[in-house]
Amino acid sequence: MDDSERFDLDAYLERVGWEGGRRADLATLRGVHLAHALSLPFENLEPLAGTAPSLAPGDLMAKLVRGRRGGYCYEHNTLLRLALEGLGLTVTGLAGRVVLGAESVESRPRTHMMLRVTVPGDPRSYLADVGFGAKGALLAPVALVTGEEFEGAGRRHRFVHLPHGGPLELWALQAYDREAGDWVSQYAFTLEPFAAPDFEVFNWHVGTNPRSPFTRRLYLQRTTPERHLALDGALLVDTRADGTVSEHRLTDEAAARRVVEEEFGIAVPKGLTLLG
């Protein structure tokens with residue numbers, strides 16, 4: 001394999017700022033997951049330009065690790081999977097339906113990628129996901145059990161089972177919305193494993209279909225310990241750790257490019273128009 005096609009664990013861990021241990025244990029899983037979530041932004045610049053981003057290890061390294069770029073769920077979680085497997089953890093791909101804002105649980109296709117992680121010696125398995133572009137996203141992996149609440153880096157989550165017509169249990173990840181004072185489902189999934197070719201198809205569909213939201217408007221997210229920034233089209237939403245929310249609408253291309261470069265830390269490709 002050519003060096004350009006390889007995944008480089010050392011370079012990845014340096015990029016996300018993880019200086020902890022490299023043991024195949026829960027502490028490492030939690031630490032690397034959080035470091036990734038707070039270091040690499042969510043963005044859809046390739047789909048906005050009409051192409052699906054590459055999921056090849058070398059291309060992910062060039063874009064997210066060595067370049068000032070981010071990505072969406074397939075890129076983030078493929079990269080995290082490579083890292084976790086390099087650390088000795090067992091990882092399975094899962095696919096879910098985004099139900100946040102949906103009319104019903106089954107009104108959208110399975111297009112979101114997540115990871116099921118097994119830690120040696122631990123009877124539980126864990127859901128890891130660093131690619132969900134929303135305030136309710138996981139910052140820390142959570143055990144795949146119902147009847148418990150999990151708090152990770154200031155966010156609260158739980159799992160519930162939802163009724164549906166299939167033979168497998170349908171899990172829903174819920175996040176606690178402080179403004180609404182209630183639990184809100186983010187996405188729903190079964191534990192059926194999905195392989196790399198499945199995600200290649202999903203990636204092509206989401207990244208090129210003219211009806212996909214990611215091909216129609218700019219959509220960026222960045223999380224730090226102090227704030228969560230979201231840019232949806234021209235609307236910039238800044239949610240602080242104390243729950244304070246401010247909104248600002250960008251009025252021109254130059255302002256949008258400056259915000260994306262400076263606030264999100266993303267190098268905008270030459271010739272790309274952000275505000276269509």
Within the 3.5 Å criterion, strictly below it, is a donor on [X] or [Y] matched to an acceptor on the partner's side chain?
| X | Y | value |
| --- | --- | --- |
| D129 | H112 | yes |
| T190 | R110 | yes |
| H228 | T239 | no |
| T28 | R23 | no |
| Q174 | Y176 | no |

I'd like to know if [X] and [Y] make a salt bridge, using a cut-off of under 4.0 Å between side-chain N and carboxylate O.
| X | Y | value |
| --- | --- | --- |
| R222 | E43 | no |
| D8 | R6 | no |
| R69 | E46 | yes |
| E149 | R156 | yes |

| message | Can you tell me how far apart CD (E192) and CG (D198) are? Round to the nearest 0.5 Å. | response | 8.0 Å
| message | Quick check: F150 with H157 (ring centres under 6.0 Å apart)? | response | no
In terms of the angle between their ring planes, are [X] and [Y] parallel, tilted or perpendicular, with boundaries placed at 30° and 60°?
| X | Y | result |
| --- | --- | --- |
| Y74 | Y72 | perpendicular |
| F159 | W171 | perpendicular |
| F194 | F199 | tilted |

| query | Within the side chain of R108, is there an N or O that forms a donor-acceptor pair under 3.5 Å with the backbone of L100? | reply | yes
